[in-house]
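Structure record follows, encoded as structure tokens.
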2 protein chains.
Amino acid sequence: MRERILDVALELFNAQGYDATSLREIAERLGVTKAALYYHFKSKGDILLELHLRLHDLGGDLLAELDALPDDQVVVAWPGLVDRFIDSVMANRELFLLHQRNRRAFEQIADDPRHHQANEDVEERFRRLLGSEAIPLAARVRMVCSVGAVFIGLMDPDALFGDEPKERIAELVRETVHELF
Amino acid sequence: MRERILDVALELFNAQGYDATSLREIAERLGVTKAALYYHFKSKGDILLELHLRLHDLGGDLLAELDALPDDQVVVAWPGLVDRFIDSVMANRELFLLHQRNRRAFEQIADDPRHHQANEDVEERFRRLLGSEAIPLAARVRMVCSVGAVFIGLMDPDALFGDEPKERIAELVRETVHELF
DNA sequence: GTCTATATTTCGATAGAC
DNA sequence: GTCTATCGAAATATAGAC
């Protein structure tokens, strides 16, 4: 049940936004009542947090590799990492979409102890990397731009490119980003 | 007063999100009461709509040029248009930020008659352009990627690049995007 | 043009029966 | 594990005085 709740919540949060989605809607879609949700999650924010932590796990693996690299090798390793990032986005599009479209909601749950557990927030580490003065500013800007290109290109390909196969789009985005390095 | 309401609303919508910002907060910041806002705007959504229409005007000018071009010249004209787009984003960052971070809220407003007035929605026209089969898919993907690069690179430069001057960042984004064409 | 006061709705959350 | 019933808070919106 817990899993079904997360599935429906993810879908509705993406379709309507986190704030605009009530627990009543989620419960109705599942054919249960609002109170039933409180057996599985102690609050609405807890549902969002659970979804957020799954994204953590995805991003954490990639960032662990980045952290292991000395600063002067980050740039040369970047294209390879972007490839893996593209794979990850393709395989978990809804989770990434949730994060992109509900950034503010995530900010409000950032204080939760479960969120600041062993390692710090993925986004924070990424931000520090992009602020590192050991990497030339021009390279950092390109890194940021490549992330933006991947996000906008792959996040909702149906809306932009109709029924073009997603894999085709992903390959073209890959080529585009590689040209920057 | 109407203008001051829009200023405060824009600021709060960006800082906390549209849904999470109440009319009470806006009124308190202005030193007036909630009810006073209803004299100037007939609803909360009306405030958002007004802000949206201003973005319309900005994007409409650029798209008018695109519409005037035959399909086979869109790609060659693109780099120049992106330059102007970058200028527009830099000069109206808060408005663009609002649109990017509150897409869902805007969707709920899309049915308003004032929104579907003379010409159709800017975003819709942009989407159709990117769906046009007269332009090679590879070029369309690059166009989309360039927009993503501009958005993520310029939308919140302080958070990403610290106190690096915004103009410097804008120039680097410009160079990055030009390399794709 | 701004106020007070209030209507109305909806939400997140809890208590307790089954 | 799910239900009914309900609470309290906060939100949008309205009515009418000044």
Side-chain angles (χ1 to χ4, degrees), chain A residues 1-53 98-99 101-115, chain B residues 1-53 98-99 101-115:
Chain A
M1 184 73 234
R2 202 182 146 88
E3 213 58 33
R4 287 177 60 212
I5 293 174
L6 289 171
D7 281 348
V8 171
L10 177 56
E11 184 183 334
L12 290 180
F13 289 169
N14 276 341
Q16 318 172 350
Y18 172 76
D19 290 297
T21 302
S22 69
L23 295 179
R24 181 183 48 78
E25 286 177 286
I26 297 175
E28 273 174 7
R29 269 282 289 271
L30 287 164
V32 300
T33 62
K34 217 172 31 163
L37 304 182
Y38 279 94
Y39 174 81
H40 298 279
F41 296 92
K42 78 171 204 292
S43 72
K44 183 186 181 186
D46 234 46
I47 298 179
L48 186 67
L49 179 58
E50 179 67 38
L51 292 170
H52 182 50
L53 290 177
L98 176 74
H99 187 256
R101 298 236 270 235
N102 293 277
R103 206 169 297 234
R104 191 217 51 87
F106 282 123
E107 280 163 15
Q108 286 198 336
I109 64 173
D111 333 342
D112 190 289
R114 282 166 60 198
H115 185 261
Chain B
M1 184 73 235
R2 205 180 144 89
E3 212 58 34
R4 288 177 58 213
I5 293 174
L6 289 171
D7 282 347
V8 170
L10 177 56
E11 185 184 333
L12 291 180
F13 289 169
N14 276 340
Q16 318 173 349
Y18 173 76
D19 289 296
T21 302
S22 69
L23 296 180
R24 181 183 49 77
E25 286 176 286
I26 297 175
E28 274 175 7
R29 269 281 288 270
L30 288 165
V32 300
T33 61
K34 222 172 26 167
L37 303 182
Y38 280 94
Y39 174 81
H40 299 279
F41 297 92
K42 78 170 206 292
S43 72
K44 183 186 180 185
D46 233 46
I47 300 179
L48 187 66
L49 178 59
E50 179 66 37
L51 291 169
H52 182 51
L53 291 177
L98 177 75
H99 186 256
R101 298 236 269 236
N102 294 277
R103 207 169 292 238
R104 193 223 39 97
F106 282 124
E107 280 164 14
Q108 286 197 336
I109 251 176
D111 332 343
D112 190 289
R114 283 164 60 199
H115 186 261

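Order of the sequence lines fixes the chain letters, A, B, ..., with proteins taken first and strands second; residue numbering starts at 1 for each chain. Keep in mind it's a predicted model, so treat the numbers as computed, not measured.
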Query raised in the report: Looking for any heavy atom pair under 4.0 Å, which part of the strands does Gly31(A) touch: base, sugar-phosphate only, or nothing?
Result: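 Sugar-phosphate: the residue Gly31(A), judged by heavy atoms under 4.0 Å, touches backbone atoms but no base.
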
Requested in this report: Check every strand shown and say whether Ser22(B) touches a base, only sugar-phosphate, or nothing at a heavy-atom separation below 4.0 Å.
Outcome: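 Since only primed, P, OP1 and OP2 atoms lie under 4.0 Å of Ser22(B), the category is sugar-phosphate.
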
Report summary line: For residues 16-50 of chain B, the ring pair (Phe, Tyr, Trp, His ring centres under 6.0 Å) pairs (sequence neighbours left out) are Phe13(B)-Tyr18(B)

Separation of [X] atom [atom1] from [N] atom [atom2], in whole Å?
X: Leu23(B); N: dT6(C); atom1: CG; atom2: P; result: 20 Å
X: Tyr38(A); N: dA5(D); atom1: OH; atom2: C1'; result: 15 Å
X: Tyr18(A); N: dG12(C); atom1: OH; atom2: P; result: 8 Å
X: Lys34(A); N: dA5(D); atom1: NZ; atom2: C1'; result: 11 Å
X: Arg24(A); N: dT9(C); atom1: CZ; atom2: P; result: 13 Å
X: Lys42(B); N: dA13(D); atom1: NZ; atom2: C1'; result: 12 Å
X: Asp19(B); N: dA10(D); atom1: CG; atom2: P; result: 17 Å

From the list [options], which nucleotide is the closest neighbour of the side chain of [X]?
X: His40(A); options: dT14(C), dT2(D), dC3(C); result: dT2(D)
X: Tyr39(B); options: dA13(C), dG1(C), dT2(D); result: dG1(C)
X: Lys44(A); options: dG12(C), dT2(D), dT12(D); result: dG12(C)
X: Met1(A); options: dT12(D), dT2(D), dC3(C); result: dT2(D)
X: Val32(A); options: dT2(D), dT2(C), dT12(D); result: dT2(D)

Query raised in the report: Who passes side-chain contact (heavy atoms from CB on, under 4.5 Å) against Glu25(B), sequence neighbours left out?
Result: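 In terms of side-chain contact (heavy atoms from CB on, under 4.5 Å), with neighbours along the sequence ignored, Glu25(B) is linked to Leu12(B), Gln16(B), Thr21(B), Ser22(B).
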
Output one line per pair: protein atom, nucleotide atom from nucleotides 15-18 of chain C, and distance, for all N/O pairs under 3.5 Å.
none

